[in-house]
Amino acid sequence: MYEGAIQDLIDELGRLPGVGPKSAQRIAFHVLSADPADVNRLASALRKVKDLVRFCTSCYNVAESDQCRICRDPRRTDEVICVVEEPKDVVAIERTGEFRGRYHVLGGAINPLEGIGPDNLRIRELMTRLGGGVIRELILATDPNTEGEATATYLALMVKPMGIAVTRLASGLPVGGDLEYADEITLGRAFEGRRAV
Ligand SMILES: [Zn+2]
């Protein structure tokens, strides 16, 4: 539609999740008319996220060093691990202020239709952590949808024979949804009211 650089930018923006062709065009023209200092800050933030951010070697949350901020915090307990699908779920649970343990980020959920099985998630890494003998409770905080439930069921079957308490967030979360869409109070209550599975 346009030529050269502006079309390249529209094409790249259009490949981002949740950005349709119209939004891509609007953002591209916004960038074109924006203050050069603002555009440089955006470009530098994009480069930095790729250069500096990596995954925590313990829990696979996003981190800027070997371990994330939560794994480095000595005031948190090592005895409880909360399993989530994505780093954004860690943020959602942290906002509730209800949890003082550690996390394990799976990197998704079991989804046979998309060819995602247990081996594609960080389940083996989770089993290694649980094998250490320190953990007494595993909280399954996968999303309240089909894939999240399937993942929770799979993990419960694997972990229960190890003698570790396995709990799932209480109902009341919007079914079929994503953990991150639950408000803090609902998520906090679901956390407090978690049940053994
Ligand atoms: Zn971590």
Side-chain angles (χ1 to χ4, degrees), residues 52-112 114-173 177-180 182 184-197:
L52 301 179
V53 181
R54 47 195 143 152
F55 292 104
C56 172
T57 53
S58 302
C59 75
Y60 302 92
N61 187 12
V62 287
E64 288 203 6
S65 56
D66 266 3
Q67 285 200 313
C68 73
R69 182 176 54 79
I70 293 168
C71 287
R72 287 199 315 267
D73 186 346
R75 291 163 303 176
R76 302 184 72 118
T77 174
D78 289 322
E79 294 182 341
V80 187
I81 288 187
C82 178
V83 177
V84 295
E85 295 181 19
E86 306 289 349
K88 62 185 165 55
D89 302 323
V90 172
V91 175
I93 292 171
E94 284 300 288
R95 268 202 310 259
T96 69
E98 289 286 336
F99 184 58
R100 299 301 298 159
R102 313 286 182 188
Y103 289 92
H104 190 87
V105 182
L106 293 172
I110 295 173
N111 187 342
E114 288 185 13
I116 302 168
D119 290 345
N120 304 109
L121 305 171
R122 295 182 191 111
I123 290 178
R124 204 173 312 118
E125 292 84 346
L126 174 64
M127 293 306 149
T128 307
R129 290 180 78 184
L130 297 177
V134 177
I135 293 137
R136 53 174 181 79
E137 182 185 355
L138 187 72
I139 302 170
L140 302 172
T142 48
D143 286 343
N145 56 26
T146 315
E147 294 78 25
E149 292 300 339
T151 309
T153 305
Y154 178 86
L155 289 175
L157 286 172
M158 298 265 294
V159 174
K160 274 204 279 187
M162 301 170 86
I164 295 166
V166 181
T167 55
R168 180 95 174 104
L169 298 195
S171 51
L173 293 174
D178 208 320
L179 212 63
E180 62 165 326
E184 286 152 52
I185 293 166
T186 309
L187 188 54
R189 277 195 197 127
F191 220 92
E192 240 179 322
R194 64 187 184 270
R195 295 187 195 122
V197 289

Rounded to the nearest 0.5 Å, the SG atom of Cys59 sits from the CD atom of Gln67 at a distance of 8.0 Å
Looking only at heavy atoms, the pair that brings Ile70 and Val90 closest together is CD1-CG1, 3.5 Å
Interatomic distance, CG@Asn145 vs OG1@Thr151, rounded to 0.5 Å, equals 8.5 Å
Residues Ile93 and Cys82: closest non-hydrogen pair is CD1-SG, 3.7 Å
So CG of Leu169 and CD of Glu192: to nearest 0.5 Å the spacing works out to 12.0 Å
Looking at side-chain heavy atoms only, is the closest gap between Ile139 and Phe99 below 4.5 Å? yes
Please answer whether the main-chain N or O of Cys71 pairs with a side-chain N or O of Arg102 as donor and acceptor at a distance below 3.5 Å. yes
* Electrostatic pair Arg194-Glu98, nearest N-O below 4.0 angstrom -> no
Q: Examine distances only and state if a side-chain atom of Arg95 and a backbone atom of Glu184 form a donor-acceptor pair shorter than 3.5 Å.
A: no
Of all heavy-atom pairs linking Glu137 and Ile135, the shortest is O-CG2, 3.5 Å
If you count every heavy atom of other residues, nucleotides or ligands that lies below 6.0 Å from Ile185 atom CD1, does the total exceed 12? no
Here the salt bridge (charged side-chain N to carboxylate O under 4.0 Å, His left out) pairs for residues 152-169, sequence neighbours left out, are Glu149-Arg168
- request: Salt-bridge test for Glu94 and Arg76: reply yes if a basic N is under 4.0 Å from a carboxylate O, no otherwise.
  value: yes
Heavy-atom distance under 4.5 Å between the side chains of Tyr103 and Ile81, does that happen here? no
Closest non-hydrogen contact found for Glu85 with Val105 is O-CG1, 3.5 Å
Between the CD1 atom in Ile110 and the CD atom in Glu147, the distance rounded to the nearest 0.5 Å is 10.5 Å
The complete set of salt bridge (charged side-chain N to carboxylate O under 4.0 Å, His left out) pairs with one or both residues in residues 103-112, sequence neighbours excluded, reads none
Would you check if the side chain of Thr96 reaches a backbone N or O of Ala92 as a donor-acceptor pair within less than 3.5 Å?
no
**Asked** Do Thr142 and Asp89 have side-chain heavy atoms sitting under 4.5 Å apart?
**Response** no
Given side chains that start at C-beta, do those of Met158 and Pro118 come closer than 4.5 Å, heavy atoms only?
-> no
When every non-hydrogen atom of Ile116 is compared with those of Ala109, the smallest separation belongs to CG2-O, 3.3 Å
CG (Asp143) and CD (Glu86) are apart, to the nearest 0.5 Å, by 8.0 Å
Note: Ala156 and Pro161 closest approach over all heavy atoms is O-CD, 4.4 Å
Min side-chain heavy-atom separation Val159-Leu140 under 4.5 Å
no
>> Does any part of the side chain of Thr128, heavy atoms only, come nearer than 4.5 Å to the side chain of Arg122, both counted from C-beta?
In response: no
Handout entry: Arg100 atom CZ, over 12 foreign heavy atoms within 6.0 Å
Key = yes
Contact between Leu138 and Leu126 at the side-chain level, heavy atoms closer than 4.5 Å - yes or no? yes
